[in-house]
Structure formats: structure tokens, C-alpha cells
Amino acid sequence: MIAGARPVQRPRDARLLVIDAGGGLTHAPRAEWTERLQPGDLVVANDAATLPASLHGTHLASGAPVEVRLAGRASLAAEDVSFSAVVFGAGDWRTRTEERALPPPLALGDRLALGPLTARVRGALGHPRLVTLSFAGDAGAVWAGIARHGRPIQYAYMTTTLSLWDVWTPIAALPVAFEAPSAGFVLDGRSLERLRRRGIGFATVTLAAGISSTGDPALDARLPLDEPYRIPSSTAAAVRRAKARRGRIVAIGTTVVRALEHAGAHSGVVMGGEGVANQRIDAYTGLRVVDAVLSGTHEPQESHYRMLSAFQDDATLARASAELEARGYRNHEFGDSVLVEAVNRLRDPAGRTRCPPP
Amino acid sequence: MKPLRVAITGGTSGLGLALVREFRRRGARVAFVARTAGAVAEVARIHQAHGIVGDVARKPDIHPIALQITAALGGLDVLVNNASSLGPVPLALLADTECEDFTLTLETNVLGPFRLTKALLGALSASAREGRGAVVLNVSSDAAINAYAQWGAYGASKAALRHMSAIWNEELAARGVRFLSLDPGDMDTPLHALAIPEADPATLKRPAVAAGELADAVVEALAREHA
């Protein structure tokens, strides 16, 4: 695929590959994504706003430059200013993460000066790049420091430096995501209006989307990290109502799949509240809540791609990948999209055996 | 009902400060924005509100401001775009108004509120979906309607803000986000003193009175949305 290298959330020529429940493939202009849904369906999106989670500064013990990428947090609470973080040595996003220098050795208690902020290394997480950090000062000052000093996390395929307005989706609310829940870039006012007019519901969850790539295969294998989320009771009620009328639950992005499936894991019924999504979703996952996902286009080695195998069998996904490649679809967060309908409604709740639909 | 979450721009003087005080008095959680760090810290301390240093006229400040508002309040129910620029001081005829002064007035009074509203629309819409209601109050002026000589930059900017409020309201009513454009009247504020230094303060409305009226209107709009 071709890298989506310009920070345009809704390029006029954006494309959509629809993988329908029967495994059929259809190409469409992405701006018409709402027309692929049915009245009575419920669209659920992640309304997390994106933090400027890349913080440049200095490791005070050695004087060495570092780039800290905040990557995870135990909760969504504003007073919680402890983070898991990936730390790089000198350099910035222009260098491919695979080629980034390691940070200086980080010992417990080491201090990092990050613009107006000071962070302390609180824990090692089994890799020289991955630590837990806590910031000094009251929470308000920490968020102010991050807001003013941080930059959005970005990767070497981009051509320009990103600003927050490039990465906040049109529905961005609580600032808890470490990277943009970019499937939500499609949610402009026009499409929300179209959903409403067509009798398609719209609801949101908030999930602190974590970092998507560290450049280190051992660390990448641990992604996604645990992600705290909140499901408003109004959203839980909307999901239950949609299910009752046999409408489909259409997730905008893999983060929404993770939140809804975590919340509905035990009974298949989604209740409002907070949780921490710590599960993996793959070919062995029986989806209990979500019926379709609109996502970016992902390469087979990415964790997002693995999640799609909960929706469709490998042969269909392989055909879809070949199609994306052949038609020159763009990938990454500013690229084109896929809409994947689930076939595994035909599976039992254990998720492995096919049985007839109810 | 959990406490109302309110953000106010220009919260360290005049009507904005009175609004901080009024919404705090009513038990709301308040975040406010102003340009001067010392004044922000002082108002935050006295009124137990969350102070944010920033300039709504500067585009790069908008998202850091929006981020701090929603982080501090955990969401947002009410946005008050109160911060205003008078334009050239002393007031000037349009023929004598520098283009740069006009631009700055539009940045503060029109583009700032547009950008901040846009950045916070996700949080406001979330509040509406959750049944809490959502209101944006844009502080207007009779100069938005009447043509007063020497009030060109200010009057044109306030007319634009007023019309923008009406269009936002038209477009977002279905989402449950309501827009109010209200004229608080001639008040005894620093902005008024800049415009008309010779005015007798005794003849002017006290900002606290105007703040009470505006807060009533906001609460009423939220209640209407619930009904």
C-alpha cells in the first residue's frame, strides 16, 4: 500500500473497501460510508481526544536528550498522572522508529526534564525503552505542561509536523488517547447529519487509545497495552435498544471493538461504566456485541489487522489485502478505510464452531 | 444531577470574572481562560476555579486550552465565549481604523469563539448525548445590531458573532447543543472604561447583575433541552 503521508483527515478521494458478511468485496468512495449502513443500525465511535503525547527533553543524570512517548495510563481520571511510556534517545519522528537510538539506561528514580515538566522513572517494564513515569506537581499543572510542550506522536512516513488540530477527530472530547482514534476522522458534521436523517443511531465510548508502534519487535508484540475506557449509560442503552430491534452495531475503529467486546464479554450485554480493556481480539474471539467495523487499512503484521480476523476468515482477508495492494489504497492513520462485516455471528459464543443462525 | 461543568473565556476581569463568581456560587465546576498568568492564578485561588493561561485570539493556543478545559472538568456542559477585544483604543472611525486592529478584533471576537467552539464541540455533543444538555453562550452587544459611529471593528465583529451563533444553533439543535447570543447591557467594566472613559459608573449596570441574568438564561436553556 501507499503511505497516507499528508495530514488530511478526509481527503476528497478517500476510498472504502467493503468486505461484506458473505466475503464479497466492493469498492466505494469513503464519503459514502453512511450509505453502506441500514436504518436501525447503531454507529459507535471513540470520542477520545488525542494528547500531545510526545515530549522532548533531557535525562538529567546523563544529560542525554530523550523523546518520551506517553503510551498508557491505568485510568481515565484527571488526577492520575502516572503513565507507561516508550523512551527514545536523540532524534525525532523523522527517523524511523526501527532506527531510533535507545535512551540512556534509565534507573528507578531518574528524573527527566521535559520542557516545563519533570518526570521521575517509577518502574521498569521489562524493556530498556518501556518504563512507568510519574510527573511532579499538581495534575492541573501537569496537563497544562503536556498541552503546551507536547506534540502529537507521529511517524517517519509523514511529510509534515502534526498539530493537535490534525489529529483530533471531529467528535474529540476527553483528552485521553495517546494516538488518534483515526477511524473517527470520517465523522464530520455532514456524515453525522446523514446518519440521523437515515434513522441510524450514533453513540460514543471513550477509550484511551494507546501507542501503535514502538519500532521494536519485542515491544510491538506486547501491543496494544491495557487501555482504560468508559461507556456512558446512554451508549449502553442505545446498544441494547439496537440489539433488541436487530440493528447492527457498527464500530468506528478497532478501539471501539475492544471497549464494547470487553464490556460485553461475560453476558453479551453492555452496561455503562468504566473498565480496562486488556484482552486480545483475534481469530479465536467470538464477537458478542459488534457486527461490523470501519477501520483504516492495515498490513497483515499489525495488531489491528489481527483484530479483523475476528470478523472474517483468513482467506477473505488475504483477498482483501491483495485488492488493497492492487488498487493502490493508502494506509496509516490518514489513509483509506475498510468496512468489515462480521461473518462470525454464525459461530457459537466460544467463537470457534460454526452453527446455524438463531 | 452532577455539578454543571462550565468554561468561561476572559475570566479574570469584568463580566467574565463576574460569571466565574456567579457559576461558582451556583455550585458549578468552572474552568476559565485569560492571558495573564498572575491574574489567572489569583482568580483561581479566590474562586476555587480551574485557571488556564491562554489567548483565544491565537490559533495555536486553542487546542491546548480545550485540552485543559476537558481534562480539568472531565467534559463540558457550558461554554461561555466572553473574551472580547474592543478594537482600536481610543475608539476610531472606520476610515481611521488600522487593518491590523480590525484583524485582531475579528481574531478575538469571531475566529477565537469559532475555533474554541469547534474544538469543544465533541465534548459538548457528548454531554448532550448523555442527557446533561449543552449550551454555548456567546456574549453579544447592542453594537451587533445598531450602527454606532466609531464602533466599526467591534460592531462588525459582534454582528458576525451573533449571526454565527444563530447558524450554529440551526445546525446543531438536532444534536442537542444550543447556542445563545445575549447582550448583557452597558456595564461598569474595564472594556467599557476603555471605550467611554467619561461614563459615570453609577449609570452603568454592575457586572454581577448581568452575570446573574446570563447564568439564568443558560440554566433555562439547559432545562428546556431536558424538557
Side-chain angles (χ1 to χ4, degrees), chain A residues 45-52 76-81 138-150 152 163-177 181 184 187-190 192-193 195-197 201-206 230-238 272, chain B residues 2 5 29 31-33 37 40-41 44-45 48-55 58-77 114-134 167-168 170-177:
Chain A
N46 181 1
D47 71 357
T50 305
L51 291 164
L76 300 177
E79 54 273 20
D80 179 2
V81 286
D138 76 89
V142 172
W143 294 116
I146 291 171
R148 288 192 216 143
H149 180 65
S163 297
L164 274 183
W165 55 74
D166 293 317
V167 296
W168 280 28
T169 66
I171 59 157
L174 204 64
V176 294
L187 296 165
D188 58 352
R190 187 189 141 280
L192 294 179
E193 183 72 17
L195 292 177
R196 199 177 58 75
R197 284 181 195 277
F202 179 72
T204 46
V205 300
T206 306
R230 173 175 171 265
I231 298 180
S233 53
S234 54
T235 296
Chain B
K2 291 177 183 166
R5 304 167 299 188
R29 296 177 60 207
F32 67 93
V33 185
V40 167
R45 187 182 57 77
Q48 297 289 297
H50 186 82
I52 295 163
V53 181
D55 183 350
R58 292 188 64 247
K59 182 179 175 185
D61 279 15
I62 294 293
H63 283 77
I65 289 169
L67 189 165
Q68 290 174 76
I69 287 171
T70 51
L73 303 179
L76 187 67
D77 308 313
F114 169 70
R115 290 175 179 140
L116 190 59
T117 303
K118 194 175 171 201
L120 289 167
L121 202 52
L124 291 160
S125 302
S127 181
R129 277 195 302 276
E130 291 180 38
R132 302 177 59 113
I167 292 173
W168 273 125
E170 192 66 26
E171 293 181 346
L172 294 176
R175 269 202 229 179
V177 184

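The chains referred to below are lettered A, B, ... by the order of the sequence lines, with proteins before strands, and numbering in each begins at 1. Please read all numbers here as calculations on a predicted model, not as lab measurements.
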Would you mind checking which part of Ala144(A) comes under 4.5 Å of any heavy atom in chain B, side chain (CB onward), backbone (N, CA, C, O), both or neither?
both

Between Arg129(B) and Ser234(A), a side-chain donor and acceptor under 3.5 Å
no

List for me each residue that meets salt bridge (Lys or Arg N to Asp or Glu O under 4.0 Å) alongside Asp166(A), sequence neighbours excluded, and say none if there are none.
none

Which bit of Trp143(A) is near chain B, if near means a heavy-atom gap under 4.5 Å: side chain, backbone, both or neither?
both

Quick one: side chains of residues 62-75 of chain B, donor-acceptor pairs under 3.5 Å with protein atoms, not counting sequence neighbours, listed by atom name and distance.
| residue | atom | partner | partner atom | Å |
| --- | --- | --- | --- | --- |
| Gln68(B) | NE2 | Pro64(B) | O | 3.1 |
| Thr70(B) | OG1 | Ala66(B) | O | 3.1 |
| Thr70(B) | OG1 | Leu67(B) | O | 3.3 |

In terms of heavy-atom pairs under 4.5 Å with chain B, which of Thr206(A), Ile146(A), Thr204(A), Leu76(A) leads?
Thr204(A)

Asp47(A) to Ile171(A) - nearest heavy-atom pair and separation
CB-O, 3.4 Å

Among the options Arg115(B), Lys118(B), Lys59(B), His50(B), pick out the one with the most heavy-atom pairs lying under 4.5 Å from chain A.
Lys59(B)

Test your reading of the model: is there a side-chain donor-acceptor pair from Ser125(B) to the backbone of Leu121(B), 3.5 Å cut-off?
yes

Given that the side chain runs from C-beta out, which part of Arg197(A) has a heavy atom under 4.5 Å from chain B: side chain, backbone, both or neither?
neither

